[in-house]
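Whatever order the structure lists them in is the order used to number ligands and atoms, beginning at 1. Because the structure is a prediction, the values reported are computed rather than measured.
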Amino acid sequence: MLNKVNDLVIRGKAKLITGAVAEALESGCASEDILTTMIAGMDIVGERFKNGEIFVPEMLIAAKAMKKGVEVLKPHLASGAAGALGKVVIGTVAGDLHDIGKNLVAMMIESAGFEVIDLGVDVPVEKFVAAAAEEGVKIVACSALLTTTMPALEATVAALKAAGKDYKIMIGGAPINQEFCDKVGADAYTTDAASAAKKARELVA
Ligand code: B12
């Protein structure tokens, strides 16, 4: 069952994946396991792209399938009381169009009890700073998936810190690590959506 979901992500079968995810849920697969197998599928897609076996269009259709699958999964992953812990501003930094990971982080943070303000992808520094200045923002979460957009992430963190407001800054995405987090002076880095939600709760505790 999980193998089928994994395969449908890799092959970018957006129409078939909805049924396959629903079937997996009905047969008792845990939603977290289904998500893990879909993410593993995206990793394989990334590897194939890196090796020149597939190109951007194939990556894009795999991403569409992944998104369709996540839609079916969402009600099963999200659970928490809405908005009680304050606002989280989230977005993918300037120059970067990847949003699957960012959307998962947003979803898990929302289900952990925050109100999420999602700025989308390719978010200019000024837009992050303006949104973060709103009343009640506790955390600003920035995503970057490309080594080439790590400088944009650094610039975003610097501007958010320079604004001198009372929020925490979280960063993440495939090329990011704790060392980079320390270097740019963000408050927290985590590797995945579930740990990001846990960390968000810790940051406001
Ligand atoms: C799908 C995909 C795309 C799709 C994106 C569609 C979309 N709507 O997102 C498209 C086709 C648009 C795309 C384009 C490109 N891509 Co691309 N893409 C991928 C791919 C295959 C999967 C990404 C993904 O969704 N992963 C699944 C999610 C769940 O994982 P995630 O994003 O890492 O997120 C998790 C964590 O990182 C973390 N996290 C993420 N954000 C945050 C934020 C915070 C605050 C926290 C705490 C945690 C956190 O939690 C998430 C959930 O667990 C990756 C390969 C890979 N394995 O990552 C390549 C990859 C990222 N892409 C790559 C490249 C090169 C490109 C292009 C430059 C290709 C080109 N020549 O045009 C363009 C750039 C476009 C742009 N300007 O952004 C490279 C990057 C190489 C590098 N070192 O920089 C990769 C690694 C592929 C590879 N192996 O070469 N891509």
Point to revise | Residue and atom names of protein N/O/S atoms that fall under 2.8 Å from atom 17 (Co) of ligand 1 | key: H98 NE2

**Study point:** The single option from D96, D122, T92 passing side-chain contact (heavy atoms from CB on, under 4.5 Å) against T149
**Key:** D96

**Study point:** Candidate list R201, M108, K87, test side-chain contact (heavy atoms from CB on, under 4.5 Å), partner F114, passing option
**Key:** R201

Sub-4.0 Å protein heavy atom next to [atom]:
{"atom": "atom 38 (C) of ligand 1", "answer": "yes"}
{"atom": "atom 63 (C) of ligand 1", "answer": "yes"}
{"atom": "atom 86 (C) of ligand 1", "answer": "no"}
{"atom": "atom 81 (C) of ligand 1", "answer": "no"}

Check your understanding: Are side-chain heavy atoms of I169 and T156 found at a separation under 4.5 Å?
Key -> no

Exercise for review: Check whether any side-chain heavy atom of V137 lies under 4.5 Å from a side-chain heavy atom of K165, and answer yes or no.
Suggested key: no

Point to revise | Side-chain (T36) to main-chain (E32) donor-acceptor, under 3.5 angstrom | key: yes

Identity and distance of the protein heavy atom lying nearest [atom]:
{"atom": "atom 6 (C) of ligand 1", "result": "A63 CB, 3.6 Å"}
{"atom": "atom 35 (C) of ligand 1", "result": "G101 CA, 4.1 Å"}
{"atom": "atom 29 (C) of ligand 1", "result": "L104 CD1, 3.5 Å"}
{"atom": "atom 22 (C) of ligand 1", "result": "M42 CE, 3.8 Å"}

Under 3.5 Å: N/O of [X] near N/O of ligand 1:
{"X": "T147", "answer": "yes"}
{"X": "V45", "answer": "no"}
{"X": "G95", "answer": "yes"}
{"X": "D43", "answer": "yes"}
{"X": "S143", "answer": "yes"}
{"X": "D99", "answer": "yes"}

Mind checking whether [X] contacts ligand 1 via backbone (N, CA, C, O), side chain (CB onward), both or neither, at a 4.0 Å heavy-atom cut-off?
{"X": "K67", "value": "side chain"}
{"X": "T191", "value": "backbone"}
{"X": "I90", "value": "neither"}
{"X": "L97", "value": "both"}
{"X": "A144", "value": "neither"}
{"X": "D96", "value": "both"}

Point to revise | Sequence neighbours excluded - salt bridge (charged side-chain N to carboxylate O under 4.0 Å, His left out) pairs with any residue from residues 52-64 | key: none

Point to revise | Partners passing side-chain hydrogen bond (donor to acceptor under 3.5 Å, both in side chains) against S195 (at least two apart in sequence or in another chain) | key: T190, D192

Practice item. Kindly give the cluster partners of V121, where membership spreads through any ILVMFWY side chain lying under 4.5 Å from a current member. Key: L97

Could you tell me, atom by atom, which parts of ligand 1 come under 4.0 Å of a heavy atom of [X]?
{"X": "T190", "value": "47 (C), 48 (C)"}
{"X": "G172", "value": "41 (N), 42 (C), 43 (C), 44 (C), 45 (C), 46 (C), 48 (C), 49 (C)"}
{"X": "G173", "value": "37 (O), 39 (N), 40 (C), 41 (N), 42 (C), 49 (C)"}
{"X": "A193", "value": "50 (O), 52 (C), 53 (O)"}
{"X": "A196", "value": "47 (C)"}
{"X": "I100", "value": "9 (O), 25 (O)"}
{"X": "L60", "value": "11 (C), 12 (C)"}
{"X": "V105", "value": "39 (N), 42 (C), 48 (C), 49 (C), 50 (O)"}

For a quick test of reading the model, state the closest non-hydrogen atom pair linking [X] to [Y] and the distance between them.
{"X": "A152", "Y": "V93", "answer": "CB-CG2, 4.0 Å"}
{"X": "F180", "Y": "I171", "answer": "CD2-CD1, 3.9 Å"}
{"X": "I39", "Y": "M66", "answer": "CG1-CE, 3.9 Å"}
{"X": "Y189", "Y": "G172", "answer": "CD1-CA, 4.2 Å"}
{"X": "A188", "Y": "C181", "answer": "C-SG, 3.7 Å"}
{"X": "P175", "Y": "A144", "answer": "CD-O, 3.3 Å"}

Check your understanding: Can I54 be reached from V56 by stepping across I, L, V, M, F, W or Y side chains whose heavy atoms are under 4.5 Å apart?
Key -> yes

Review point. After noting the C-alpha distance and the side-chain angles of E179 and K183, does the key distance pass the salt bridge (Lys or Arg N to Asp or Glu O under 4.0 Å) rule?
Key: CA-CA 6 Å; E179 195 188 341; K183 183 186 146 221; over 6 Å; no

**Study point:** 4.0 Å heavy-atom contact, P175 with ligand 1
**Key:** no

**Study point:** salt bridge (Lys or Arg N to Asp or Glu O under 4.0 Å) assessment of K74 paired with E71
**Key:** CA-CA 5 Å; K74 188 173 177 181; E71 269 172 32; over 6 Å; no

Exercise for review: Any chance you could lay out the side-chain contact (heavy atoms from CB on, under 4.5 Å) test for I34 and V72, step after step, and finish with the verdict?
Suggested key: CA-CA 11 Å; I34 302 174; V72 182; over 6 Å; no

Point to revise | Chi angles and distances behind the side-chain contact (heavy atoms from CB on, under 4.5 Å) call for L25, S31 | key: CA-CA 7 Å; L25 283 168; S31 49; 4.2 Å; yes

Revision key, fill the gap. Output for pair (L35 CG, L2 CG), nearest 0.5 Å, gives 11.0 Å

